Each structure stands twice: as C-alpha cells, then as structure tokens.
Amino acid sequence: MKPYLLLLLLYSFSLHSNAQVADIEYEKFPVFQECEDVDVSNLENCFTHTLQSFVFQNFKVPEIVFAENYNGTVNVLFEVTKKGGFKVLYIDGVYDELKLEARRVFEALPIVQPATYNGAPAYVQFTLPVEIPLVAPGETIVQTSEITKEKEQVDLDFTDEYDEIENLPFNNEEYQSNINIPFSHHNYSLFDASLNRVGLNNHTAQKPYIYSEVNKYYNFEAANNKLLKKKSSWWGRKLWNEHLVTIKGKDYWLTLDAGVDLQAGKDFDANIDTYNNTRLVYTQGGIGKNLSFFGVIYESQGRFADYFNRYAESIRPTGGNPAIIPGRGIAKKFKSDSYDYPIATGHVSYTPSKYFNVQFGHGKTFLGDGYRSLLMSDNASPYPFFKINTTFWKLKYTNTWMSLRDVRDEVTDNGSFRTKYMANHYLSYNITKRLNIGLFESVIWQNDNGRGFDVNYLNPIIFYRAIEFSTGSRGGNALIGLSAKYKVNDRINAYGQFIIDEFSTSDVFGGNGSYKNKTGYQLGLKYYDAFGLKNLFLQAEYNRVRPYTYSHNTVVLNYGHNNQSMAHTLGANFSEIIAIARYQKGRFYGDAKFIVAKRGFEFNTPDDMSFYGGNIYGTEKDRIATEGNTLAQGNTTDFFHAELQAGYIINPATNLKLYGSFIYRDFNPQMDTETVFKNQTTWLNFGLRTDLFNWYNDF
C-alpha cells in the first residue's frame with residue numbers, strides 16, 4: 001500500500017546580509033522556478049507547498065520503518081544559501097535509514113532564487129518535521145519570526161552528533177587524489193609506457209607524479225585488482241590486499257599503515273655481516289576534493305657493505321656524528337659498528353583548479369626522464385620545499401623553492417650548520433605529439449649579510465641570471481639546462497639533457513679545456529614491452545659531466561646538500577654508461593642494472609692537494625689548471641657496478657615486497673689514497689621492504 005505524507009512545515013529561521021538597513025525593510029522568501037510568477041505576498045505559501053510536494057514525490061520510506069511499524073517524526077534543519085542551494089545542517093531521527101533518505105532528498109532539490117534582505121541575497125534557515133507514517137501534503141501553518149541581520153543561535157540537541165559521524169566504504173581514494181606517488185624507479189616503470197604513448201599531451205619529467213594526473217592514463221585500481229588474493233578474513237585482507245586502517249566520511253578519507261625495511265646480508269670481500277632495521281608508519285588522506293596529505297616517519301639502524309659505510313663516513317657532518325647515510329640523512333653511532341638514522345618526510349598538496357597544484361613539504365624532487373638526472377635528482381637527503389605546478393595547453397611549469405644545508409667543518413658557524421637556498425624553474429613544452437622539450441634554470445644563494453630567503457627569487461617567471469648579477473656576482477650560483485624527449489612510437493622513446501654551469505660561451509665552446517667549461521649531457525633510450533614480451537622494460541643511458549661542474553668559487557654555493565650532490569650521484573668529472581632491465585609478472589618481479597664509468601677524483605695527499613674537479617664541494621681557487629682540463633682527470637678510476645634483484649609483492653596497496661639482491665662492485669683507481677682506493681665488493685642481501693623511495697647503492 002502506498003504510504004501517504006503529511007508534511008507540517010514548522011520553521012524558525014534567521015538570515016544575514018551585508019546590505020545596509022533601510023527605512024522600510026523588505027523581506028522575500030526563496031523562490032522555486034514554479035513560483036517565479038507568484039505575487040510577493042504569496043511567495044511564502046508557494047515555497048512551502050513546492051517544498052512539500054517535492055519531498056512527498058521523492059521520499060522513499062525505508063523497509064525497516066514498515067517492518068517495525070514505526071510512528072514518529074524526522075526533523076530536518078536546513079539552510080538555503082545565498083546562492084540558492086539547499087544545505088542540510090542537522091537531521092534528528094530514530095533510524096539511520098530515515099536520516100540518510102532525508103539527506104538524499106534534500107541534496108536532490110534544485111537551485112532556487114535565494115531569499116533577500118533589503119534586496120541583497122541572504123541565508124535563511126528552516127526546520128522541516130516529516131511525519132511518519134506519511135500522508136499527502138496538506139495545509140501548512142506558518143509562523144513568521146523576526147528577521148535579523150545576524151544568524152540566530154539555533155537551540156538544538158546535538159547529543160547524537162558523535163553517533164551521526166558516517167564511516168563509508170573505502171574505495172582506493174588515493175588513486176584519484178593529489179598525493180605524490182612514492183618515487184621508486186621500479187614502480188614508476190610499471191606505468192611509464194602508459195604515459196609515453198604517441199599523441200598524449202602529458203608531461204613526464206617532473207617527478208614525483210600526482211596520482212590523479214597518472215590515473216587518467218593508467219588505471220591503478222584495475223592494475224592492482226589483477227593482483228588481489230581471495231581473502232575473506234580481516235587478517236588475510238590486510239596482509240595481502242589492503243591498507244591496515246582506512247577511514248572515510250562524506251568529505252574526507254585517510255589511511256594508516258605500518259611498514260618495515262628489514263635487510264640481512266653479507267659483504268663477502270670485507271667479511272661484514274650487514275643489516276638494516278627500519279620501522280615506519282605512514283599516513284595519507286584527503287579533506288574535500290582539493291586538499292591531500294602524505295607523511296611517513298622512519299626509525300632505522302643499520303650496517304652496510306664496506307664501501308657504503310666508508311662513503312657514509314667520508315661525508316659525515318661536523319659536530320661528532322659519524323656518518324650521513326646517502327639519500328637518507330645524518331646518522332649517530334649505534335653500538336660499536338652501526339648507525340642510527342631517523343627520517344621524516346611528507347607533504348601537503350592543494351589543487352585549487354585543474355591548472356594549479358601547490359605543495360609544501362619535506363622531501364625530494366627529480367627532473368628528467370632518465371635513471372639519473374643532471375638537473376635535479378633524489379640523490380641527496382630530504383629537504384624542506386615549496387612547489388607550484390602549473391599545467392595548461394601544451395605546457396607544464398614547475399617552480400620549486402628549497403632550503404638546504406652545508407654541514408662541513410669549514411663553513412659551520414658556532415656549531416650551527418650553514419643554511420643556503422635554492423630556487424628553480426622547469427618549463428615542459430609538448431612541441432608535437434612526439435617531441436617534448438624542457439627548459440631549466442636554477443639558482444643557489446647563501447644566507448650572508450642577513451640576507452635570509454631573498455624575495456627576489458620568489459618571482460616565478462624571471463631569469464635567475466639577471467637576479468644573480470643584481471644581488472652581487474658572488475651572491476648566487478645560477479645554472480641553466482635543456483631536456484628533450486622524442487617518442488619514436490608507443491614502445492620506444494629517446495631522451496636527453498644538457499646542463500651549463502658557467503655562462504661563458506667562449507670557454508664552453510672554445511675547445512681549450514677551460515675550467516669554466518662546466519657542462520654535462522645525457523642521452524638515453526627506453527624500450528617498453530621489449531621484443532614483444534609484455535612488461536619487459538629495457539633502458540640504456542649515457543651520462544657525461546665535465547670537471548668543476550656544480551662547484552663554485554664561493555665554496556658554499558656548490559650544488560649540494562648535506563655533503564651530497566643535488567644532481568648526479570657521481571658528482572662531476574666522469575662519464576658513465578648504464579643498462580637496465582625490469583620485468584614484472586603478477587606479483588613477481590626482477591631488476592638488473594649494469595654501470596660502467598670512468599671517474600676523476602682528487603688525490604688529497606701532502607704532495608698534491610689540487611682540485612681536479614670531481615668533488616662538487618671543492619673550491620675552484622685550488623684548481624689544477626685554468627685550461628687543458630680533461631674528463632676524468634686527477635686520480636682516474638675505472639668503476640663497474642652490477643646489481644640484480646628479484647622479489648615478490650606481498651601487498652600491492654602498501655607496496656610491501658620480499659626480495660633478494662646481489663651487488664658486485666669493482667672500484668679501481670690509478671692510485672690508492674686514504675679516501676680513494678682499490679676495492680671489490682660482493683654483497684648478498686635479503687629483505688622485506690615497504691618500497692616508498694629510491695635507495696641508491698651505485699656510487
């Protein structure tokens with residue numbers, strides 16, 4: 001039997017506007033489309049009758065109400081906004097099903113002409129009691145209350161407010177969010193082919209990517225659904241398929257996960273038992289459609305292969321701490337032969353429109369399409385940053401401002417690390433459906449003369465070299481670069497970079513080996529689904545950086561942070577060939593990487609303290625020569641690195657992996673010194689890792 005509705009519209013309301021109070025006040029009810037031709041004196045009755053009719057026609061009484069023979073009232077407090085929208089403020093009812101139905105009906109109401117006060121749009125609140133059982137709409141008794149300029153406080157019982165909080169099903173909201181995708185070369189290779197099809201108008205050099213911009217071309221949910229295991233128990237789902245904790249309401253969502261990076265291995269040549277013990281907690285979420293956040297806290301202890309430990313200790317900071325773990329941060333001593341190194345990274349991401357994304361956080365940036373980057377890489381420790389991405393037409397423009405640290409003894413002031421700042425611009429332009437070019441400029445300046453963060457560099461569209469000159473020739477270190485990518489077809493693309501760290505064309509192109517010829521270039525090739533085998537990814541890359549690149553005559557203004565390069569892992573004065581293969585089938589994956597390089601180091605002996613251009617922290621005042629400088633000069637070293645890894649993805653939602661890795665490294669310098677000496681490493685390692693970042697062992 002069809003239920004009937006009796007709607008008694010008993011309302012109390014208040015409204016406010018910015019209009020001045022006139023001698024004769026004018027009040028007007030909200031106007032439905034059906035009431036546009038009604039006299040002002042009858043607008044009130046027309047509004048209430050139209051509202052009653054809409055609710056009667058659309059309200060569907062839940063079955064549980066009939067089953068339990070319920071009689072009562074659902075009270076709905078709602079507002080008609082200045083823009084004519086209906087906004088539910090509070091619903092009081094016995095059954096959650098009735099509350100949800102009432103909310104659904106009110107959210108379906110059309111936009112109306114707003115109420116007015118003295119001729120200006122105004123807010124107005126109503127209380128609507130819906131009687132159950134339901135009868136057809138009848139006559140409404142209207143009691144007019146005084147209209148004031150400010151909203152009156154509505155005296156309601158909110159004792160059920162806590163119980164009203166809705167917990168909705170989690171539907172992998174991160175894939176449509178503005179959160180950065182954790183940057184891992186293997187993980188990014190899974191969707192790299194989808195982003196590099198001919199004809200797409202996207203941009204692939206600015207990393208890390210945002211989920212929402214990649215999900216347009218690569219369906220994360222569909223890809224992960226192929227990996228899901230059929231688990232019905234809570235423990236089974238959380239271990240194999242899902243985030244540990246998920247919370248979702250109407251306008252927000254959040255996930256919380258615990259993770260690990262547990263490693264156990266052995267450096268056979270140095271006879272060192274290696275390990276890493278990382279516990280981490282990370283969260284991600286969104287508030288509304290535009291605001292997202294991500295954060296992770298690591299607590300770690302570890303001991304690594306001999307070459308890794310020696311390098312970590314060689315870049316140790318002033319102040320007594322024994323090492324800086326490459327790419328992670330400053331470490332303190334743990335037991336007698338290990339390191340303790342905490343890390344915290346995260347960001348807030350805000351997207352006010354489809355054209356802009358703004359981020360503030362503590363992390364890293366990578367610019368380029370290769371395995372290495374000569375412009376900006378994720379090689380160094382995390383740092384504070386502020387970033388603006390602007391995307392429109394065929395362009396994507398990225399502005400990043402960073403705060404960096406110089407932690408060496410010679411620049412430390414009263415025990416405090418030296419602060420310097422970096423700002424860079426990267427403009428990506430899709431010239432054709434196959435060809436992309438990128439224009440890069442960067443500047444580093446120090447906090448001298450109380451300068452602090454120089455507002456001159458906040459301008460997002462200036463040419464930094466001009467600002468560098470205006471603030472003093474030694475006030476900053478500017479670099480420029482060029483990148484390019486060409487899609488041969490959907491399975492092959494070529495890419496490259498070119499960096500110039502000295503604006504002297506006669507020295508750069510003069511061919512006389514000037515130390516001011518501080519340049520580098522990269523050439524690379526990618527091959528997707530290689531030889532017709534799906535998910536086989538091959539990559540070849542050549543990098544070459546001349547001596548003295550990234551260094552500066554003002555020693556603080558080098559291109560480094562925490563004693564690590566902000567660009568290429570090997571610093572400068574080297575050439576390098578890289579070959580990479582990656583493959584994944586289901587939850588199983590494998591990677592192979594081979595690197596051959598020729599590097600030039602300083603001797604740093606009592607007989608020769610000259611600067612040959614390999615260490616970016618060297619001062620050019622100690623250079624070996626003004627002209628005649630050649631690649632890999634100094635303590636020339638042949639370098640070979642081979643790395644194999646195979647693993648199994650335990651949980652695709654959290655990227656938890658079980659793996660084994662094997663590294664063979666041969667380091668053969670022209671002369672053995674205290675810091676540069678012949679070394680061979682055979683390092684076998686097994687681990688369980690939540691893969692959220694790149695961990696470089698190839699230096």
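What you see is a predicted model, and the numbers here were worked out from it, not measured in a lab.
- Side-chain N or O atoms of K364 include one that pairs as donor or acceptor with a backbone N or O of D378 at under 3.5 Å.
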Inset, instruction - Begin from the C-alpha positions of V61 and F59 and carry the test side chain to side chain contact (heavy atoms under 4.5 Å, CB included) through to its verdict. - result: CA-CA 6 Å; V61 180; F59 200 103; 4.1 Å; yes
Legend entry - Derivation of the side chain to side chain donor-acceptor pair (under 3.5 Å) call for T204 and D369: CA-CA 7 Å; T204 58; D369 288 287; 2.5 Å; yes
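- Between P30 and Q113 the shortest side-chain heavy-atom distance does not fall below 4.5 Å.
- The backbone N or O of G368 sits less than 3.5 Å from a side-chain atom of K207, completing a donor-acceptor pair.
- Between the side chain of T351 and the backbone N or O of S353 there is no donor-acceptor pair closer than 3.5 Å.
- Rounding to the nearest 0.5 Å gives a distance of 6.5 Å between CG of L100 and CG of D96.
- For S177 against I210, the heavy-atom pair with the smallest separation is O-CG2, 3.6 Å.
- For the atom pair NZ (K216) and CD (Q176), the distance works out to 13.0 Å, reported to the nearest 0.5 Å.
- Two residues are said to be in side-chain contact when any heavy atoms from C-beta on lie closer than 4.5 Å; V88 and L77 fail this criterion.
- Checking side-chain atoms of N167 against main-chain N and O of G249 turns up no donor-acceptor pair under 3.5 Å.
- When all heavy atoms of Y123 and T81 are compared, the closest pair comes out as CD2-CA, 3.8 Å.
- Looking at N180, its side chain never comes within 3.5 Å of a backbone N or O of P182 through a donor-acceptor pair.
- The shortest side-chain heavy-atom distance between P208 and Y188 falls under the 4.5 Å cut-off.
- In this structure, the salt bridge (Lys or Arg N to Asp or Glu O under 4.0 Å) partners of E242, at least two apart in sequence or on a different chain, are R237, K238.
- Of all heavy-atom pairs between Y282 and T654, the closest is OH-CA, 3.4 Å.
- In this structure, L404 CG and T419 OG1 are separated by 9.0 Å, a value rounded to the nearest 0.5 Å.
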Legend entry - ring pair (Phe, Tyr, Trp, His ring centres under 6.0 Å) assessment of F183 paired with F366: CA-CA 9 Å; F183 182 35; F366 187 101; 5.3 Å; yes
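- In this structure, the side chain of N202 engages the main chain of L195 through a donor-acceptor pair within 3.5 Å.
- Residues E36 and V38 are not in side-chain contact: their nearest non-hydrogen atoms beyond the backbone lie 4.5 Å or more apart.
- With a 4.5 Å cut-off on side-chain heavy atoms, K433 and K487 do not count as touching.
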Inset, instruction - Please step through side chain to side chain contact (heavy atoms under 4.5 Å, CB included) for the pair V348 and F294, ending with a clear verdict. - result: CA-CA 7 Å; V348 176; F294 177 93; over 6 Å; no
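- Checked by atom type, the side-chain pair N357/Q359 shows a donor-acceptor distance below 3.5 Å.
- Interatomic distance, CD1 of I444 versus NZ of K420, reported as 5.5 Å (0.5 Å rounding).
- The closest side-chain donor-acceptor pair between Y298 and T345, if any, does not fall under 3.5 angstrom.
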Legend entry - M376 vs N424, side chain to side chain contact (heavy atoms under 4.5 Å, CB included): CA-CA, chis, key distance, verdict: CA-CA 9 Å; M376 172 71 63; N424 63 46; 3.2 Å; yes
Legend entry - Stepwise side chain to side chain donor-acceptor pair (under 3.5 Å) check, S483 with Y426: CA-CA 10 Å; S483 68; Y426 185 83; 2.4 Å; yes
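- The ring-ring contact (aromatic ring centres under 6.0 Å, His included) test with F191 singles out one residue from Y217, Y211, F220, and that residue is F220.
- The backbone N or O of N201 sits nowhere less than 3.5 Å from a side-chain atom of K394 that would complete a donor-acceptor pair.
- Between the side chain of N219 and the backbone N or O of A222, at least one donor-acceptor pair lies under 3.5 Å.
- In this view, K248 and E173 satisfy the salt bridge (Lys or Arg N to Asp or Glu O under 4.0 Å) rule, not counting sequence neighbours.
- With rounding to the nearest 0.5 Å, the separation of NE2 in H347 from CG in N178 is 9.0 Å.
- Summarising the geometry, atom CG belonging to L244 is positioned 9.5 Å from atom OG1 belonging to T255; distances are rounded to the nearest 0.5 Å.
- Looking at I287 and D251, their side chains never come closer than 4.5 Å, going by heavy atoms from C-beta outward.
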Inset, instruction - Kindly indicate, with the supporting measurements, whether the criterion side chain to side chain contact (heavy atoms under 4.5 Å, CB included) is fulfilled by W393 and Y429. - result: CA-CA 9 Å; W393 187 52; Y429 174 35; 3.9 Å; yes
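- In this structure the side chain of K396 reaches within 4.5 angstrom of the side chain of N389, judged on heavy atoms.
- N196 and K485 share a donor-acceptor pair across their side chains, judged by distance under 3.5 Å alone.
- Taking every heavy atom of both residues into account, Y383 and S381 meet most closely at CD2-O, 3.3 Å.
- Side-chain atoms of H243 and E174 form a donor-acceptor pair, as typed in the model, at a separation below 3.5 Å.
- Side-chain contact check for T283 versus V281: every heavy-atom pair is 4.5 Å or farther apart.
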Inset, instruction - Step by step, work out the side chain to side chain donor-acceptor pair (under 3.5 Å) result for H425 and E441. - result: CA-CA 5 Å; H425 302 154; E441 62 172 345; 2.7 Å; yes
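- For F47 and F32, the gap between ring centers is short of 6.0 Å.
- With hydrogens and angles ignored, the 3.5 Å screen pairs no side-chain donor or acceptor of K60 with any backbone N or O of E101.
- A 6.0 Å sphere centred on CD1 of I297 holds no more than 12 heavy atoms belonging to other residues, nucleotides or ligands.
- A 6.0 Å sphere centred on CZ of F392 holds no more than 12 heavy atoms belonging to other residues, nucleotides or ligands.
- In the model, D691 has a side-chain atom that pairs as donor or acceptor with a side-chain atom of S184 under 3.5 Å.
- Panel note: side chain S377, backbone S373; no donor-acceptor pair is recorded below 3.5 Å.
- The nearest pair of heavy atoms linking C35 to L43 is O-CD2, 3.6 Å.
- Closest approach of I179 to W253, counting heavy atoms only: CD1-CH2, 3.6 Å.
- Considering only residues two or more places apart in sequence or on other chains, K250 meets the side-chain hydrogen bond (donor to acceptor under 3.5 Å, both in side chains) condition with E107.
- Side chain to side chain, N75 and T127 fail the donor-acceptor criterion of an N or O pair below 3.5 Å.
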